[in-house]
Q: 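One structure is given below, represented as structure tokens, and several questions about it will come after.
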Amino acid sequence: MQNEDNLSAFERGVYAVVASIPCGCVSTYSRIAYTIGAAGAARAVGNALNKNIYADVPCHRVVQSDGGVGGYAWGEKNKISMLLREGVVVANGRIDLKKYGIRFNT
DNA sequence: AGGGTGACCCGCT
DNA sequence: CAGCGGGCCACCC
């Protein structure tokens with residue numbers, strides 16, 4: 001993300017967290033929302049990513065809390081392909097958050 | 001200022 | 001385990 005001054009603090013927070021996700025790992029919308037101090041705003045997080053597609057923000061590394069791949073502006077299957085490319089094993093359209101789901105704070 | 005939308009989450013059946 | 005409904009939050013018209 002560059003000079004996204006047009007965006008709100010919430011949006012920037014989401015991008016910051018998503019951008020901090022290391023390669024080969026994934027995070028959940030709810031977890032991100034909680035990290036930025038907006039616990040429960042998982043929906044808003046997804047909305048933020050959907051409306052803002054930046055190369056600096058690996059939105060494809062954001063999945064659902066249940067391990068589901070979730071949605072993707074460019075296509076879910078495309079998202080899965082990228083995850084696999086990152087090294088994240090996606091079995092039956094599901095990701096093992098126990099292995100790839102990172103946590104910013106314990 | 002009010003209402004509708006969405007890449008979600010959780011609980012219940 | 002799968003399917004359905006309600007609830008939550010932030011953004012846009």
Q: Which whole-number value in Å describes the distance from A/Asn6 CG to C/dC11 P?
A: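 It is 13 Å, rounded to the nearest whole Å.
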Q: Work out which heavy atom in A/Phe10 is nearest to a heavy atom in A/Ala38; give both atom names and the distance.
A: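 So the two residues come closest at CE1-CB, 3.4 Å.
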Q: Nearest to the side chain of A/Ser65, heavy atoms from C-beta on, is which of C/dC12, B/dA7, B/dC9?
A: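 Per side-chain heavy atoms of A/Ser65, the pick is B/dC9.
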Q: Does any N or O in the side chain of A/Arg61 come within less than 3.5 Å of the main-chain N or O of A/Ile21, such that one atom is a donor and the other an acceptor?
A: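 A pair under 3.5 Å: yes.
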Q: In whole Å, what is the span from the CD atom of A/Glu76 to the P atom of B/dG6?
A: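 From A/Glu76 CD to B/dG6 P: 14 Å.
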Q: Which of residues 24-31 of chain A have a heavy atom under 4.0 Å from DNA chain B?
A: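 Going residue by residue through residues 24-31 of chain A, the ones with a heavy atom under 4.0 Å of DNA chain B turn out to be A/Tyr29, A/Ser30.
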Q: Between C/dC11 atom P and A/Asn50 atom CG, what is the distance in whole Å?
A: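 For the pair A/Asn50 CG and C/dC11 P, the rounded distance is 14 Å.
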Q: Indicate whether any N or O donor in one side chain lies under 3.5 Å from an N or O acceptor in the other, for A/Asn78 and A/Tyr72.
A: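 A/Tyr72 and A/Asn78 do not have a side-chain donor-acceptor pair below 3.5 Å.
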Q: Show each protein N/O and nucleotides 1-10 of chain C N/O combination with a separation under 3.5 Å, one pair to a line.
A:
unit_1	atom_1	unit_2	atom_2	d
C/dG7	O6	A/Arg43	NH1	3.1

Q: Whole angstroms only, please: what is the CD1-P distance between A/Ile80 and B/dA7?
A: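 About 16 Å, once rounded to whole Å.
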Q: Any link between A/Val62 and A/Tyr100 through a network of hydrophobic side chains (Ile, Leu, Val, Met, Phe, Trp, Tyr) touching at under 4.5 Å?
A: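 A/Val62 and A/Tyr100: separate clusters.
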Q: Report whether A/Val63 and A/Tyr34 are members of the same hydrophobic cluster (ILVMFWY, side-chain heavy atoms less than 4.5 Å apart, transitive linking).
A: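 Cluster IDs for A/Val63 and A/Tyr34 differ.
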Q: Just how far, in rounded Å, is P of B/dA7 from OH of A/Tyr54?
A: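 Result: 17 Å.
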Q: Of all heavy-atom pairs between A/Pro58 and A/Val18, which one has the smallest distance, and what is that distance?
A: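 The answer is CG-O, 3.3 Å.
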Q: A/Val57 and A/Leu7: same hydrophobic cluster, using ILVMFWY side-chain contacts below 4.5 Å?
A: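 Looking at the clustering, A/Leu7 is in the same group as A/Val57.
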Q: Under a single-linkage definition using a 4.5 Å side-chain heavy-atom cutoff for Ile, Leu, Val, Met, Phe, Trp and Tyr, are A/Phe104 and A/Val45 assigned to the same hydrophobic cluster?
A: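 Yes, one cluster joins them.
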Q: For A/Gly40 and A/Ala33, which heavy atoms make the closest approach, and how far apart are they?
A: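 Minimum heavy-atom separation between A/Gly40 and A/Ala33: N-CB, 4.5 Å.
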Q: I need the CG-P distance between A/Asp66 and B/dA7, as an integer number of Å.
A: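 One finds 16 Å between P of B/dA7 and CG of A/Asp66, rounded.
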Q: Could you give the NZ-to-C1' distance, from A/Lys77 to B/dA7, as a whole number of Å?
A: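 Distance, rounded to whole Å: 16 Å.
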